[in-house]
Amino acid sequence: MFPRGFAWGAATAAYQIEGGWQADGRGASIWDTFCHGTGRVWGDQNGDVSCNSYELWEEDLKCILRLGLTHYRLSVSWARLLPEGTTQRVNHKGVQYYNKLIDGLLAARVTPMVTLYHFDLPQALQDRGGWKSPDIAALFDGYARFCFQTFGDRVKLWITINEPYVCAKLGHEDGVHAPGLKEPGVAAYLAGHNMLRAHASAWHSYHSIFRPKQKGLVSLGLNSDWSEPLDRDRAEDIAAAQRSIAFTLGWFAWPVFVTGDYPEVMRTCIEANGRKHNYAGESRLPFFSKDEPAVLGTADFFALNYYTSRKVTTAGGRLDSLSVKSDVDVQEVVDPSWPICGVSWLAVVPDGLRKLLSYIKKNFGDPAIYITENGFAQVGPLEMRDVQRAEFYKQTISEVAKAITEDGVNVCGYFAWSLMDNFEWADGYSARFGLFHVDFSHEKRTRTIYHSGKEYAKLIQKAQC
Ligand code: GBH
């Protein structure tokens, strides 16, 4: 059912697993700053040590082999490689760390997929305006080139930026992620815009300078829920579902895959809501300049992070403010028949993934798709025999199989989130997404396979024969 060469993976991110926050000359990132403040993260926890993968990466490798993964998605820490964010000063110990890890994977015949940016901006660059500053695009490009140059002989699958939506909205509007800004209605669009500019610059650099020799692929990682109309026969609900997807997936995928600009409906909603609030400034949703490298066509595959689904209806203007939430004007409803796993936002809807995959095939030019994240959280009393999560993976993977065989979607790979329990951002260590349990109270951060990990390994094995 799965094509030959299908990527079976698991994913992690630097800040969520590495620890070693001050080890060997690593610079600070915005998540260090954010967590070291109070009242932001569950229990005021942080990623100072986390799974300590900075020292224990060989333990991670054992987990990867135990699962029988063909691929492993990791992220590199910008501030570990370039402590001040620029190539003026390179931290060679950081380079060594990722060299060991990448070489270790390759020696074990595991293909790395490397994300350059998974939420952890060097603090030094935040101090220069971060994602709100137009300068960030060139700075990111410099960092990306450094990584292509340093690791690109061995890494052939790249993600520039993970979930620009989350970074833009949760980091700059809701303030629940670093850098913790609460500037509704303006900053998220600006930060998102600069992320697209940064991504496009890096893709063009790769394409013209590195691809001829390195022959790899570059994309950006996009998250989206699947949104369905609450009432399938009601025009307002259908429109709300379309708006909802346009404002999450479309926000970033439309410019890259379809037109080189944001979805039309984003522009009209943002303008209309601005007028309603007598907003007189420049367009809150910036325009792409013709003098800069084009953003259209800057993805060699589609990287999708899917977790959950929503039923939606119109909010009917009730979310009355100058904010992204009010611009999109959508009221979300969780279908009571959908089970909620550990975290409140994660309703378990495996067939939503199949529907979203078809949507992507239809709207974004039938691209090659990697599902770069999908997972299930456990909260509360620890269950090593996590039958629900095992069932979740089984069902989800069977939906992926149907997408391939029945809907003709070109899915190339599937990465479970996550290899092991780790620092779950604002939820700290309270939510466990791992296929391996990590004992955070023990100095050795012992990794122990969950029942779901064993079952995932079996699924992979079965799919390959
Ligand atoms: C991924 O984002 C991240 O890439 C990964 O690092 C993370 O560990 C994983 O999810 C699990 O969370 O609390 O109501 O504001 C997934 C997309 C979008 C899901 C924002 C959580 C927050 C909903 N995320 N959403 S709410």
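What you see below is based on every heavy atom in this structure, not just the backbone, and it leaves out hydrogens, waters and symmetry mates. From a predicted model like this one, the values you see are computed outputs, not experimental measurements. Count residues from 1 along the sequence. Counting starts at 1 for both ligands and their atoms, in listed order.
Partners of E236 under the salt bridge (Lys or Arg N to Asp or Glu O under 4.0 Å) rule, at least two apart in sequence or in another chain, are R234. Applying the ring pair (Phe, Tyr, Trp, His ring centres under 6.0 Å) criterion to F436, with sequence neighbours excluded, gives no partner residue. Under the ring pair (Phe, Tyr, Trp, His ring centres under 6.0 Å) criterion, H451 pairs with no residue, sequence neighbours left out.
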Ligand 1: protein N/O within less than 3.5 Å of ligand N/O:
{"residue": "ligand 1", "atom": "2 (O)", "partner": "E163", "partner atom": "OE1", "Å": "2.8"}
{"residue": "ligand 1", "atom": "2 (O)", "partner": "E163", "partner atom": "OE2", "Å": "3.0"}
{"residue": "ligand 1", "atom": "4 (O)", "partner": "H118", "partner atom": "NE2", "Å": "3.3"}
{"residue": "ligand 1", "atom": "4 (O)", "partner": "N162", "partner atom": "ND2", "Å": "3.1"}
{"residue": "ligand 1", "atom": "4 (O)", "partner": "E163", "partner atom": "OE1", "Å": "3.2"}
{"residue": "ligand 1", "atom": "4 (O)", "partner": "E163", "partner atom": "OE2", "Å": "3.2"}
{"residue": "ligand 1", "atom": "4 (O)", "partner": "E373", "partner atom": "OE1", "Å": "3.0"}
{"residue": "ligand 1", "atom": "4 (O)", "partner": "E373", "partner atom": "OE2", "Å": "3.1"}
{"residue": "ligand 1", "atom": "6 (O)", "partner": "Q16", "partner atom": "OE1", "Å": "2.8"}
{"residue": "ligand 1", "atom": "6 (O)", "partner": "H118", "partner atom": "NE2", "Å": "2.8"}
{"residue": "ligand 1", "atom": "6 (O)", "partner": "W425", "partner atom": "NE1", "Å": "2.8"}
{"residue": "ligand 1", "atom": "8 (O)", "partner": "Q16", "partner atom": "NE2", "Å": "2.9"}
{"residue": "ligand 1", "atom": "8 (O)", "partner": "W417", "partner atom": "NE1", "Å": "3.1"}
{"residue": "ligand 1", "atom": "8 (O)", "partner": "E424", "partner atom": "OE1", "Å": "2.7"}
{"residue": "ligand 1", "atom": "10 (O)", "partner": "Y307", "partner atom": "OH", "Å": "3.4"}
{"residue": "ligand 1", "atom": "12 (O)", "partner": "E424", "partner atom": "OE2", "Å": "2.5"}

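Around atom NZ of K182, no more than 12 heavy atoms belonging to other residues, nucleotides or ligands sit under 6.0 Å away.
The residue from Y98, Y97, W21 that alone fulfils the ring-ring contact (aromatic ring centres under 6.0 Å, His included) condition with Y54 is Y97. Here the options are Y359, Y370, F257, F252, the test is ring-ring contact (aromatic ring centres under 6.0 Å, His included), and the partner is F302; only F257 passes.
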